[in-house]
Amino acid sequence: MSLEKMRDLHLDGKYLETTEVNGILMTKLISDNWDKIWNFQAKPDDLLIASYAKAGTTWTQEIVDMIQNNGDLLMCQRANTFDRHPFIEWTLPPPLNSGLDLANEMPSPRTLKTHLPAQLLPPSFWKENCKIIYVARNAKDCLVSYYHFSRMNKMVPDPGTWEEYIEAFKAGKVLWGSWYDHVKGWWAKKDQHRILYLFYEDMKEDPKREIQKILKFLEKDITEEVLNKIIYHTSFDVMKHNPMANYTTLPTSIMDHSISPFMRKGMPGDWKNHFTVAQSEEFDKDYQKKMAESTLTFRTEI
Ligand code: PPS
């Protein structure tokens with residue numbers, strides 16, 4: 001995506017219009033482009049990084065890029081995260097490049113990003129048996145991160161008050177829909193497809209162990225030295241200062257990091273600084289109902 005073009009972008013109400021695609025809230029721009037997105041042609045050697053918003057996507061993207069480039073820092077700084085890995089459903093008005101345009105122009109092997117729930121993933125990914133890394137993060141920290149992101153990112157709807165946002169999140173009335181259905185939907189797919197299902201909290205607890213899982217999944221071998229380099233350069237404190245990974249190259253009319261930085265806290269358990277005891281108890285009660293049937297478990301602190 002050309003940053004020059006991005007700077008010329010005059011944000012007005014139409015970027016913030018939302019509508020549903022098969023019951024999932026999306027931007028109107030995505031919805032208007034849905035036929036093309038649904039019919040996107042994946043290739044067998046595509047790698048897809050999938051997640052619910054704010055689950056640790058950018059972090060996983062950086063780890064994968066470092067692995068693919070054998071720890072070559074300069075290569076990993078060749079472009080912004082969003083240009084290195086096309087975000088397939090993200091649609092912008094012409095002349096800006098949408099995720100699909102970037103993906104279609106990119107030579108193989110491609111690494112792509114999506115926040116789509118499993119049932120809305122373009123079917124060619126299943127048909128071509130693409131490898132998929134899914135990263136999940138506990139609901140409360142996702143909610144907090146998404147709330148602050150929605151305050152600073154002018155291309156997603158305003159979150160309203162904290163109280164209103166908790167209700168919207170619980171009801172799945174946020175972009176890309178319900179967190180609960182998303183994590184469960186991808187969990188259900190994981191045994192039928194080539195999916196590595198990771199957890200943000202595990203990555204934070206033991207990045208070496210989780211990076212080794214990714215290496216195995218990608219069938220890559222690297223030296224201990226390169227592995228240590230990857231752990232260091234993908235740590236929160238280092239990525240926070242990497243302009244090719246921290247979204248600060250976008251104009252402030254799109255992301256205003258003075259409201260809340262994209263690389264905000266980067267740790268499990270920050271929800272405790274936001275939820276009151278009553279809000280937390282109420283959230284947990286609702287959570288038990290929505291997750292009761294699932295074998296999926298999350299840690300809300302480490
Ligand atoms: S997006 O916009 O959906 O792609 O956002 P995503 O990258 O999924 O999530 C952003 C949150 O991930 C945190 N982050 C990290 N945490 C730990 N280590 C590293 N290296 C890292 N990189 C990004 C980022 O700070 C956001 O979480 P919060 O809780 O808001 O800090």
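Only a predicted model underlies this, so the values are computations on that prediction, with no experimental measurement involved. Numbers here simply count residues along the sequence, with the first being 1. Whatever order the structure lists them in is the order used to number ligands and atoms, beginning at 1.
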Inset, instruction - Just need the protein heavy atom nearest to atom 26 (C) of ligand 1, so name the residue and atom and give the distance. - result: S145 OG, 3.7 Å
Legend entry - Qualifying residue for ring-ring contact (aromatic ring centres under 6.0 Å, His included) with W162, from Y147, Y146, W271: Y147
Legend entry - Heavy atom of the protein closest to atom 24 (C) of ligand 1 (residue, atom name, distance): F262 O, 3.7 Å
Inset, instruction - Verify the distance criterion only: is there a donor paired with an acceptor across the side chains of S235 and D237 at less than 3.5 Å? - result: no
Inset, instruction - Please write down residue, atom name and distance for the protein heavy atom closest to atom 8 (O) of ligand 1. - result: T57 OG1, 2.4 Å
Inset, instruction - Ignoring hydrogens and angles, state whether a donor on the side chain of N69 or D65 is under 3.5 Å from an acceptor on the partner side chain. - result: yes
Inset, instruction - Give the residue, atom name and distance (to 0.1 Å) of the protein heavy atom nearest atom 20 (N) of ligand 1. - result: T234 O, 2.8 Å
Inset, instruction - Look at atom 27 (O) of ligand 1 and find which of R264, H115, R137 reaches it with the closest heavy atom. - result: R137
Legend entry - K216 atom NZ: more than 12 heavy-atom contacts under 6.0 Å: no
Legend entry - Contact check, D270 vs ligand 1, heavy-atom distance below 4.0 Å: no
Inset, instruction - Report the part of V144 (side chain from C-beta onward, or backbone N, CA, C, O) that has a heavy atom under 4.0 Å from ligand 1; answer both or neither where that applies. - result: neither
Inset, instruction - With atom 12 (O) of ligand 1 as the reference point, say which of F87, Y200, W271, F149 has the nearest heavy atom. - result: Y200
Inset, instruction - Give a yes/no on ligand 1: does K113 have at least one heavy atom closer than 4.0 angstrom to it? - result: yes
Legend entry - Sub-4.0 Å heavy-atom contact, H148 with ligand 1: no
Inset, instruction - Look at the side-chain heavy atoms of Ile, Leu, Val, Met, Phe, Trp and Tyr, link any pair under 4.5 Å apart, and say whether F40 and L96 land in one connected group. - result: yes
Inset, instruction - Identify whether NZ of Lys or CZ of Arg in K190 sits under 6.0 Å from the centre of the six-membered ring of W187 and within 45° of that ring's axis. - result: yes
Legend entry - Check: M267 N/O within less than 3.5 Å of ligand 1 N/O: no
Inset, instruction - Assess whether atom OH of Y232 is packed by more than 12 heavy atoms of other residues, nucleotides or ligands within 6.0 Å. - result: no
Legend entry - Result of checking Q68, K131, H85 against T111 for side chain to side chain donor-acceptor pair (under 3.5 Å): Q68
Inset, instruction - Looking only at protein heavy atoms, identify the closest one to atom 7 (O) of ligand 1 and say how far it is in Å. - result: T58 OG1, 2.5 Å
Inset, instruction - Looking only at distances, please establish whether an N/O atom of ligand 1 is found under 3.5 Å from an N/O atom of A55. - result: yes
Inset, instruction - Within a distance under 4.0 Å of any heavy atom of M263, pick out the atoms of ligand 1 and give their elements. - result: 22 (N), 23 (C), 25 (O)
Legend entry - Close N or O approach (A53, ligand 1; < 3.5 Å): no
Inset, instruction - Considering only NZ, NE, NH1 and NH2 on the basic side and carboxylate oxygens on the acidic side, decide whether E89 and K113 come within less than 4.0 Å. - result: no
Inset, instruction - Output yes when K204 and E301 qualify as a salt bridge under the 4.0 Å nitrogen-oxygen rule, no when they do not. - result: no
Inset, instruction - Run the numbers for me: atoms of ligand 1, each under 4.0 Å from some heavy atom of M239, listed by number. - result: 20 (N), 22 (N)
Inset, instruction - Could you find the nearest protein heavy atom to atom 1 (S) of ligand 1 and give me its residue, atom name and distance? - result: K54 NZ, 3.6 Å
Inset, instruction - If the plane angle is over 60° it's perpendicular, under 30° parallel, otherwise tilted; pick one for F298 and F199. - result: perpendicular
Legend entry - Subset of ligand 1 atoms that lie under 4.0 Å from at least one heavy atom of S235: 20 (N)
